[in-house]
Amino acid sequence: MTDDFAADVLICGAGAAGLTLGIELARRGISFRLIDKRAQPFHGSRGKGLQPRTQEIFEDLGILDKTVAAGGVYPPLRAYHPDGSYSDRDPVERLDPTPTEPYHLALMVPQFVTERIMRDRLAELGHMAEFECELTGFEQDDNGVTARIAGPTGQATIRTRYLIGADGGRSFVRGALGVDFPGKTLGVRALVADVTLTGLERDAWHQFNDGDMERMVAICPLAGTDLFQVQAPVPVDGEIDLSAEGLNRILRERTSRSDMAVNSVAWASAYAMNARLADRYRVGRTFLVGDAAHIHPPTGGQGLNTSVQDAYNIGWKLAAVLSGAQDRLLDTYERERRPIAEAVLGLSTRLLEAQKQGGMRRGREVHQLDVGYPDSPLSTELPERSHGVRAGNRAPDAPVKGAAGQPSRLFRLFQGPHWTLLVFEDRRDMVAPRPGLHIYRLGTGGDVVDAWGHVREAYGLAPGECVLIRPDGYVGATFDADAIPRLEIYLSNVGVDWFKGAGVR
């Protein structure tokens, strides 16, 4: 749907958020350009944790196996004591997978590795990011956005239907829109560096002076690489020497050890911690995602994960509107995602305070499996439910069998850019088939068999009820047989319209 436009969507920023959105649009056949003013991809490990909910998203995007193969699990925290001894503890709460939640452990994958895998996936889909290509200005009207771009071959002006600011905490797009970014500086400055280092084993996340904000330093082996990540609070003011020599001075001063040494620095940064949230996520045809919309401390490993989920949320909605759904569907992006970011800011700040006291441990609250949209205009229950899965909840996984006897999972049925309708114990044609909707019937005579009862337990639906799963893996609606006409209206409103497919053979 480009017509006289250079692309349907212009994405400014090729980090994790921009790449996620690019993959989402590419697999839906939506034209876009993905640009980044950097000369080359980000090569640091600022974000290194992938939470369980993000792993579910990566499974849907087709990159989970490669991500797992490239990373690893978090090692134990090794706290060193003044007398030279140490003790190990687990930094995360380790829970076994369940039928409804197949991933319970955070993965450690350096950000530059994660983004490389995402760029490879984008290439498989026929697209690539354009580096050294900068957005220098834009204006928008009722029909689209006029953007000015500067690149290696000079300047150009293009027309696009929508503009996405995925350009980080210092977002040019947010500034040009005049969107306020209120919040606070938290009075903590830290360094983070990816280094080659000798003198420490790679079997632990080494921590010295935990809880002492003047002398603390943490050294973590980066899974899948030969690098270590060094983290340490530093003075709020003044220059920080991030060379190998400067980092070695800090390590000697804070650990009193002479048997370890930084040999080289692959990437390093010193940054002040902030907690800020954009007043608006949408202005006309321009949207903010990821760090352009929210920034917070790294405690809890929420940043990259929240950014990925922003893009995962808006991607299918952009595609639906570009394919004919009503524009107000895009308003639900801010309605759903801004409260989540506000909660993440609070969680990350609380975890930062706990880290200052020493002994911070991450539990279920960082997994993002409980993120949901119960108050969204897209969450509908007819009739209203008081038990089982609710509209706006994350749709649970469950092992099932196909009618032919082969084992499968609900997540496998959900995988892809479509909506999914699960019909329970009812062989009637609830709704007419149409493009963008996959319909499965569970129960006697159905095409999916709840062989172990996990679907019934997770969803709690009675015979004749059905549940509609959004493309991003959340429950959009639950309906019983008497409310099927309302289901037809719901599907039409989100762009899954029978009439558009009426001529398809």
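These values consider heavy atoms only, across backbone and side chains, with no hydrogens, waters or symmetry-generated copies.
The closest donor-acceptor contact from the side chain of Thr225 to the backbone of Leu222 lies under 3.5 Å. In this structure, Asn305 contributes its side chain and Thr54 its backbone to no donor-acceptor pair below 3.5 Å. With Gln231 contributing its side chain and Leu191 its backbone, the two residues share no donor-acceptor pair below 3.5 Å. Proximity of a side-chain donor or acceptor of Asp36 to a complementary backbone N or O of Leu34 within less than 3.5 Å is not detected. For the pair Thr20 (side chain) and Ala311 (backbone), a donor-acceptor distance under 3.5 Å is absent. Under the 3.5 Å distance criterion, the side-chain polar atoms of Ser348 are left unmatched by any main-chain donor or acceptor of Leu345. Not one N or O on the side chain of Gln207 forms a donor-acceptor pair closer than 3.5 Å with the backbone of Ile219. Remark: side-chain polar atoms of Asp180 are not paired, donor with acceptor, to backbone N or O of Pro182 under 3.5 angstrom. A donor-acceptor distance shorter than 3.5 angstrom exists from the side chain of Ser379 to the backbone of Tyr373, with no hydrogens or angles considered. Side chain of Thr478 to main chain of Val467: no donor-acceptor pair is present (N/O by atom type, distance under 3.5 Å, no hydrogens or angles).
Between His296 and His294, the ring-plane angle classifies as parallel under the 30° and 60° cut-offs. Relative ring orientation between His206 and Phe228 is described as tilted, the plane-to-plane angle lying within the 30° to 60° band.
A donor and an acceptor atom, one from each side chain of Glu115 and Gln111, are located under 3.5 Å apart. A side-chain donor-acceptor contact under 3.5 Å links Gln326 and Arg328. In the model, Glu59 has a side-chain atom that pairs as donor or acceptor with a side-chain atom of Tyr103 under 3.5 Å. In summary, the side chains of Gln368 and Gln302 do present a donor paired with an acceptor at a separation below 3.5 Å, with no hydrogens or angles considered. Inspection of the Ser243 and Glu245 side chains reveals an N or O donor paired with an N or O acceptor under 3.5 Å. Defined by atom type and a distance below 3.5 Å, a donor-acceptor pair is present between the side-chain atoms of Gln140 and Thr286.
Exactly one residue among Leu277, Leu288, Ile295 makes a side-chain contact (heavy atoms from CB on, under 4.5 Å) with Phe181. That residue is Ile295. Across Asp4, Asp141, Asn143, a single residue satisfies side-chain hydrogen bond (donor to acceptor under 3.5 Å, both in side chains) together with Arg159, and that is Asp141.
Across Arg390 and Val475, no two heavy atoms sit closer than the pair O-CB, 3.6 Å. Taking each heavy atom of Ala26 and Leu122 in turn, the nearest pair found is CB-CD1, 4.3 Å. Of all the heavy atoms in Pro221 and Trp205, the pair that sits closest is CD-CA, 4.3 Å. Heavy atoms only, all atoms of each residue included: Pro110 and Ser45 are closest at CB-CB, 4.0 Å. Between Ala193 and Leu247 the shortest heavy-atom distance is CB-CD1, 3.9 Å. The two residues Thr136 and Ala150 have their closest heavy-atom pair at CG2-CB, 3.9 Å.
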Requested in this report: In sequence, state the C-alpha distance, the side-chain angles, and the governing distance for Arg27 and Asp60, and then conclude on salt bridge (Lys or Arg N to Asp or Glu O under 4.0 Å).
Outcome: CA-CA 11 Å; Arg27 66 181 186 160; Asp60 180 43; 2.6 Å; yes

Can Glu24 and Arg28 be said to form a salt bridge (Lys or Arg N to Asp or Glu O under 4.0 Å), step by step?
CA-CA 7 Å; Glu24 279 288 86; Arg28 289 172 166 82; 3.0 Å; yes

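In this structure, Leu25 and Leu322 have side chains that are not in contact, with every pair of non-hydrogen atoms separated by 4.5 Å or more. Side-chain atoms of Glu56 and Pro102, non-hydrogen and from C-beta on, do get closer than 4.5 Å to each other. The side-chain heavy atoms of Trp419 and Trp316, taken from C-beta on, include a pair separated by under 4.5 Å. Using a 4.5 Å heavy-atom cutoff, the side chains of Val308 and Gln51 are not in contact. At least one side-chain heavy atom of Leu227 sits less than 4.5 Å from a side-chain heavy atom of Thr196. Between Val431 and Leu437, the closest side-chain pair of non-hydrogen atoms falls below 4.5 Å.
At least one test fails for Arg394 against the ring of Tyr474: distance under 6.0 Å to the centre or angle within 45° of the axis.
Using a 4.0 Å cut-off between charged side-chain N and carboxylate O, Asp327 and Arg282 make a salt bridge. Taking a cutoff of 4.0 Å between a charged side-chain nitrogen and a carboxylate oxygen, Arg148 and Glu134 do not qualify as a salt bridge. Taking 4.0 Å as the cut-off between side-chain N and carboxylate O, Glu488 and Arg434 count as a salt-bridged pair. Here Lys66 pairs with Glu124 in a salt bridge; the nearest charged N to carboxylate O distance falls below 4.0 Å.
For Trp267 and Phe42, the distance between ring centers is under 6.0 angstrom. Ring centroid separation for the pair Phe287 and Tyr281 does not come in under the 6.0 Å cut-off.
The 12-atom threshold is not exceeded at CD of Glu342, counting heavy atoms of other residues, nucleotides or ligands nearer than 6.0 Å.
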